[in-house]
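In this text, all values refer to a predicted model and were calculated from it rather than measured experimentally.
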Amino acid sequence: MKKFLTAFLSAMLLLSALFTFGCGKNGQDKNKLYLYVPDGAPALSVARLLNDKGIVEDVNINVVSASTIQTFVTGENPKADFAIMPVNAAVKLLAGKEDYKLLGTVTNGNLFLMKQAGEQDITKDNLSSLVGKKIGVMNITNVPGLTFKAILSDAGISYVDITETGIVQEDKVNLIALPAGQDGAKLIVPSSDCQYFVVAEPLATTKQNATNGKISVAGSLQVLYGEGNGYPQAVLVAKTEVITNHKAVVDALINSFKDNKEWLTNQNTSAETIVNGVTSGFIDKDMAPTFTAKNLNATVINNCAINFTPAKDCMADVVTYIGKLNAISNNAWGIAKEEFFFIG
């Protein structure tokens, strides 16, 4: 009996040692660094790395729902060594601490203004023509709604949220919140009493094609914002300790983005290959992907404005953008302090 107990305990200790060697904190492989990225345009930016996991082999990439990305960078022991996330959430959750630093912007806006047949296209010069109109906005409380409000505010155009009342004010732009996802997409139809909609890709192109142009793109929020070069939408952040201890991996990941973009836009890279790469990184295999082989094409990829800009070059744009969002939302997004940006 004594020999049996000794052998049993030895086996348990060996098993424990093996498990400890293979797994680090949070049950993750301690020999890997983990990048978490929300599905959608941010996931497209790393589709090449998911398609060929040997490019940056020290980084394990996981694609998650956009609504959960913040859970991977918060808490006492956050799972994400790297994360791609909305810039406003990154600043609000991380800029006031020292745990993470911003490495650069990854996407620069994928939002479009769509119109019903008979309505006019919208430019900076005629933005005021939206006064008295009803605009359906998907995700009105986050980047889509906030960016559109910032554009109107910069132009000195008054707006009002009439989601609850439904009462149109003729001297203001009238905003109506639409549900996220498919529930909201179903409301973007020619029979809607909204004259315009704020929509992200790939839904914008999908809607235009599905309605045979009865609902069509009327303007780009990237053009309407600022100098017309887009705005910082999704950013790459990294744990400070990872930057210190794994600088070569950080550099390799940053340097991959140029080739990632070229691979995405290469005519020899099929939509199926891109989509399969992204879905291979899904943690939740039952999650419905934003992009499919049917709705992903060259126009959609171009409209996702994927372009990596290092922190030293995007810092001013991020500070300005967050300032605009704070001006219309009671300083809800914190301050993008200089220390938050990694100038390597």
Euclidean distance, [Y] [atom2] relative to [X] [atom1], rounded to 0.5 Å:
X	Y	atom1	atom2	answer
Tyr196	Gln120	OH	CD	5.0 Å
Ser129	Asp121	OG	CG	10.0 Å
Thr309	Leu236	OG1	CG	12.0 Å
Glu119	Ser216	CD	OG	10.0 Å
Leu325	Lys92	CG	NZ	11.5 Å
Asn326	Ile328	CG	CD1	9.0 Å

In one Ile/Leu/Val/Met/Phe/Trp/Tyr side-chain cluster, 4.5 Å: Val63, Ile55:
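Yes: a chain of side-chain contacts under 4.5 Å links Val63 to Ile55.
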### Query
Are Leu50 and Leu33 grouped together when hydrophobic residues (ILVMFWY) are joined by side-chain heavy atoms under 4.5 angstrom apart?
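Result: yes, single cluster for both.
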Notebook entry, point to check: Which of these passes side-chain hydrogen bond (donor to acceptor under 3.5 Å, both in side chains) with Gln233: Asn110, Asn88, Asn108?
Noted result: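 Filter result, single survivor: Asn110.
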### Message
Can you see whether Thr123 engages Asn126 through a side-chain donor-acceptor pair at a distance of less than 3.5 angstrom?
### Response
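The answer is yes; a qualifying pair exists.
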Going by atom types only, do Thr68 and Thr71 share a side-chain donor-acceptor pair under 3.5 Å?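 Their side chains do not contain a donor-acceptor pair, so the 3.5 Å distance test is not met.
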Review point. Would Asn297 and Val300 satisfy side chain to side chain contact (heavy atoms under 4.5 Å, CB included), going step by step from the backbone distance to the final call?
Key: CA-CA 5 Å; Asn297 53 47; Val300 171; 3.4 Å; yes
Please test Asn295 against Thr206 for side-chain hydrogen bond (donor to acceptor under 3.5 Å, both in side chains), starting from the C-alpha separation and ending with a verdict. CA-CA 6 Å; Asn295 69 18; Thr206 299; 4.6 Å; no
request  = Applying ring-ring contact (aromatic ring centres under 6.0 Å, His included), name anything that partners Phe72, two or more places apart in sequence or on another chain.
outcome  =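 Expected list: Tyr36.
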Mind checking what makes ring-ring contact (aromatic ring centres under 6.0 Å, His included) contact with Tyr159, not counting sequence neighbours?
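Tyr159: no ring-ring contact (aromatic ring centres under 6.0 Å, His included) contacts found.
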Over 60° means perpendicular and under 30° means parallel, so classify the ring planes of Tyr231 and Tyr321, tilted if in between.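 Because their plane-to-plane angle is under 30°, the rings of Tyr321 and Tyr231 count as parallel.
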Exercise. For Tyr225, is the NZ or CZ atom of Lys324 found under 6.0 angstrom from the centre of its six-membered ring and inside 45 degrees of the ring axis?
Worked result: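 Yes, a cation-pi geometry holds between Lys324 and Tyr225.
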Around Gln195, counting heavy atoms of other residues, nucleotides and ligands shown, do more than 12 lie under 6.0 Å from its CD?
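Correct, the count exceeds 12.
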When you check the gap from the basic side-chain N to the acidic O, do Lys247 and Asp251 get nearer than 4.0 Å?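 Yes, this pair counts.
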Name the atoms and distances for all side-chain donor-acceptor pairs under 3.5 Å in residues 167-176, with sequence neighbours left out.
| unit_1 | atom_1 | unit_2 | atom_2 | d |
| --- | --- | --- | --- | --- |
| Gln169 | OE1 | Lys172 | NZ | 3.4 |
| Asn174 | OD1 | Gln169 | N | 2.8 |
| Asn174 | ND2 | Lys133 | O | 3.3 |
| Asn174 | ND2 | Gln169 | O | 3.0 |
| Asn174 | ND2 | Lys172 | O | 3.0 |

- Task: Taking side-chain contact (heavy atoms from CB on, under 4.5 Å) as the test, write out the residues that go with Lys53, two or more places apart.
- Result: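 Ser280.
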What pairs of donor and acceptor atoms, side-chain ones from residues 177-194 against any protein atom, are under 3.5 angstrom apart with sequence neighbours left out?
| unit_1 | atom_1 | unit_2 | atom_2 | d |
| --- | --- | --- | --- | --- |
| Ser192 | OG | Cys194 | N | 3.0 |
| Asp193 | OD1 | Lys134 | NZ | 3.4 |
| Asp193 | OD2 | Lys134 | NZ | 2.7 |

When the side chains of residues 99-106 are checked against the rest of the protein, which donor-acceptor pairs come out under 3.5 Å, sequence neighbours left out?
| unit_1 | atom_1 | unit_2 | atom_2 | d |
| --- | --- | --- | --- | --- |
| Tyr100 | OH | Ala80 | O | 2.6 |
| Lys101 | NZ | Glu339 | O | 2.6 |

